[in-house]
Amino acid sequence: LSSDGLERLATEGKIPQPAAPPPADRRWNEEAVSLQKSNDWPRLEAHARAWMATRPRAADAFTFLGLAQGAQGRPQEAAANLKQAVELDNHNAFAWLQYAAILRSLGRKAEAEKALGRVMELQPADGQSKMLRADWLRAEDRQDEARREIKEALRLSPGQSQAWRTLGLIEDARGDTGAAQKAFQTALRLGEEDA
């Protein structure tokens, strides 16, 4: 009880009604991650916009907005929002990773590499940036370099089915069908859902 409540209790003999607790803060990030996992891009975009309305300087809101826009085929808008996200929080590795990917899709390779370098500075022990670079190298038909990158990604994050799938694609492009088959089998055992 507050001191006023104690005084009322002493003088009137009545226990004052406790104030209602404040409403629970909305779990913006958890909702965004759930929408991302379900690939519900329109709802993720709406969610991120609502988040930004209540917290205009939330870097994660800009990140998820950019992610949703990129997934819906609007890379220019996505790049602008992801740039805002990394300007608001220069230490947000997820935002930098998404920014690197969208820059690359726009053909801005040097900027994409710089953004990916920032991810590696922030999270040197995470394999996501290596996986992304391996995909880029594979798309450029630089299979040996891509293989080195994906092997490093797997060393850092061996439980990523996506990385094993990428290794399978690289080994297949290199002509090593046995290694490709093993990589794909591992991806499937880890729950890879890509058809």
Side-chain angles (χ1 to χ4, degrees), residues 29-45 60 63-75 78-79 82 85-86 92-195:
N29 200 59
E30 289 176 18
E31 290 177 47
V33 169
S34 176
L35 291 167
Q36 175 193 1
K37 285 181 180 176
S38 65
N39 295 326
D40 193 343
W41 307 119
R43 281 189 54 213
L44 179 58
E45 181 175 357
D60 286 341
T63 303
F64 282 107
L65 178 59
L67 178 64
Q69 290 169 329
Q72 294 178 88
R74 297 178 357 240
L82 290 164
V86 298
N92 186 330
F94 180 65
W96 277 109
L97 187 70
Q98 300 308 315
Y99 189 41
I102 206 72
L103 287 171
R104 183 71 178 211
S105 75
L106 290 168
R108 295 161 57 181
K109 293 180 181 181
E111 291 174 85
E113 281 293 339
K114 186 176 178 183
L116 195 60
R118 181 66 180 142
V119 177
M120 291 178 184
E121 288 172 14
L122 293 169
Q123 293 183 327
D126 184 58
Q128 290 290 330
S129 54
K130 297 284 187 185
M131 278 191 274
L132 185 57
R133 181 172 279 144
D135 277 333
W136 294 351
L137 293 167
R138 186 177 64 80
E140 292 176 355
D141 201 28
R142 295 164 57 187
Q143 304 304 331
D144 290 336
E145 293 171 79
R147 186 174 187 270
R148 280 192 295 275
E149 288 290 327
I150 202 65
K151 288 284 194 170
E152 179 62 11
L154 286 166
R155 186 185 71 77
L156 296 169
S157 304
Q160 295 284 333
S161 66
Q162 177 187 355
W164 286 100
R165 177 176 47 84
T166 300
L167 176 61
L169 293 169
I170 292 167
E171 295 293 18
D172 187 47
R174 293 177 72 242
D176 190 343
T177 55
Q181 183 179 11
K182 287 179 185 177
F184 287 135
Q185 287 172 336
T186 303
L188 289 170
R189 277 195 307 273
L190 290 170
E192 177 62 39
E193 296 177 5
D194 185 283

For residues L82 and G66, report the shortest heavy-atom separation together with the two atoms involved. CG-CA, 4.0 Å

Just how far is it from atom CD of Q181 to atom OG1 of T186, taken to the nearest 0.5 Å? 10.5 Å

To the nearest 0.5 Å, tell me how far R142 CZ sits from E149 CD. 9.5 Å

To the nearest 0.5 Å, atom CD1 of I170 lies from atom CZ of R148 at 11.0 Å

Once rounded to the nearest 0.5 Å, what's the spacing between atom CG of D172 and atom CZ of R138? 10.0 Å

Sorted by first residue and then second, give each side chain to side chain donor-acceptor pair (under 3.5 Å) pair with at least one member in residues 151-162; sequence neighbours left out. E152-R155, S161-E192

To the nearest 0.5 Å, what is the distance between CG (D60) and CZ (F94)? 8.5 Å

Determine the minimum heavy-atom distance between S129 and V119, stating which atoms define it. CB-CG1, 3.8 Å

Between E140 and R104, is the salt bridge (charged side-chain N to carboxylate O under 4.0 Å, His left out) condition met? List the steps. CA-CA 12 Å; E140 292 176 355; R104 183 71 178 211; 2.3 Å; yes

Looking at A79 and Y99, what are the two nearest heavy atoms and their distance? O-CE1, 3.6 Å

Sidechain N-carboxylate O distance under 4.0 Å for E145, R133: no

Do you know which two heavy atoms are closest between L116 and A100, and how far apart they sit? N-CB, 3.8 Å

So, for Q36 and W41, which heavy atoms are closest and what is the spacing to 0.1 Å? O-CH2, 3.9 Å

Measure from the side-chain N and O atoms of E171 to the backbone N and O of L167, and report whether any donor-acceptor pair falls under 3.5 Å. no

Atom pair NZ/CD1 of K130 and I150 - distance to nearest 0.5 Å: 10.5 Å

Quick check: does any side chain N or O of W136 sit under 3.5 Å from a backbone N or O of A146, one acting as donor and the other as acceptor? no

Do you know which two heavy atoms are closest between T63 and A95, and how far apart they sit? OG1-CB, 3.2 Å

Could you go through residues 120-128 and list every donor-acceptor pair under 3.5 Å that involves a side-chain atom there, pairing it with any protein atom two or more places apart or in another chain?
{"unit_1": "E121", "atom_1": "OE1", "unit_2": "R118", "atom_2": "NH1", "d": "2.9"}
{"unit_1": "D126", "atom_1": "OD2", "unit_2": "Q128", "atom_2": "N", "d": "3.3"}

Are any of the side-chain heavy atoms of V33 and F64 separated by less than 4.5 Å? yes

Looking only at the side chains, is there a donor atom on one of D141 and Q143 sitting less than 3.5 Å from an acceptor on the other? yes

If you count the non-hydrogen atoms of other residues, nucleotides and ligands that lie under 6.0 Å from CZ in R43, is the total more than 12? no

Hey, are the side chains of L103 and S105 touching, using non-hydrogen atoms and a 4.5 Å cut-off? no

